[in-house]
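Here the structure comes first, spelled out in structure tokens, and everything after it is commentary.
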Amino acid sequence: ETGVTQSPTHLIKTRGQQVTLRCSSQSGHNTVSWYQQALGQGPQFIFQYYREEENGRGNFPPRFSGLQFPNYSSELNVNALELDDSALYLCASSRLAAYEQYFGPGTRLTVT
Amino acid sequence: GESVGLHLPTLSVQEGDNSIINCAYSNSASDYFIWYKQESGKGPQFIIDIRSNMDKRQGQRVTVLLNKTVKHLSLQIAATQPGDSAVYFCAERPGGTSYGKLTFGQGTILTVHP
């Protein structure tokens, strides 16, 4: 198992609400990337954080935002939730200069 | 544009057989490729990686082959075990500064029968 942890494990929200997901990176890793994985699909890159700044973004609207803290942990915030936001949200940490990304167990978000 | 796809969405093998999972990619600028294993209810687990300046890399019971001419990647698992049953994803990263942006394929379901 990796040292990447995520919370909560599961979450149920109503359309239009806001949600915050959390990730703690593996020791020694200073970069966190977030991915969305719909059922039966591969993960889709949302964005990456390095030194508390966004360092690359995928094709996701601005209502998906994030933060990285001085201890390298990170949050993913999603506003105005839509039914299609229901997915497994994965966090991956890495050393920026390294290529390997190590994933956490994910947060299963259900929007009703 | 970028895309990573898999030729075989499902693969069923007997315990002890060798398994081969294939993947096609379209971005010739990608300089790094990774195979991940994902078990039900878990996040993807790193298996093995390969850089574009290599054509083969071996790990414990696994080998990754990269054919840049035809933009093809494969994962070979020797002496497949029931614990190898999972969804396998290949992923690529474009060269340059996009360190975090991995593009994943749809996945291949590997089922190993005892």
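Letters A, B, ... are given to chains in the order of the sequence lines, protein chains preceding strands, and every chain is numbered from 1.
- The environment of B/K56 atom NZ is sparse: at most 12 non-hydrogen atoms of other residues, nucleotides or ligands sit within 6.0 angstrom.
- To the nearest 0.5 Å, the span separating CD on B/Q45 from OH on A/Y102 amounts to 10.5 Å.
- Listed by first and then second residue, the disulfide bond (SG atoms under 2.5 Å apart) pairs that reach into residues 30-64 of chain B come to none, sequence neighbours excluded.
- Atom CG of A/N71 sits in a crowded spot, with more than 12 heavy atoms from other residues, nucleotides or ligands closer than 6.0 Å.
- Taking both residues in full, the closest heavy atoms of B/P44 and A/F103 are given as O-CB, 3.4 Å, listed atom of the first, atom of the second, then distance.
- Counting only heavy atoms from C-beta outward, the side chains of A/Q101 and B/Y36 approach each other to under 4.5 Å.
- Contacts of A/L88 with chain B are made by side-chain atoms alone, with heavy-atom separations under 4.5 Å and no backbone atom involved.
- Contacts of A/Q37 with chain B are made by side-chain atoms alone, with heavy-atom separations under 4.5 Å and no backbone atom involved.
- Counting heavy atoms of neighbouring residues, nucleotides and ligands inside a 6.0 Å radius, atom CZ of A/R63 exceeds 12 of them.
- A donor-acceptor contact shorter than 3.5 Å links the side chain of A/Y35 to the backbone of B/L102.
- The 12-atom threshold is exceeded at CG of A/L83, counting heavy atoms of other residues, nucleotides or ligands nearer than 6.0 Å.
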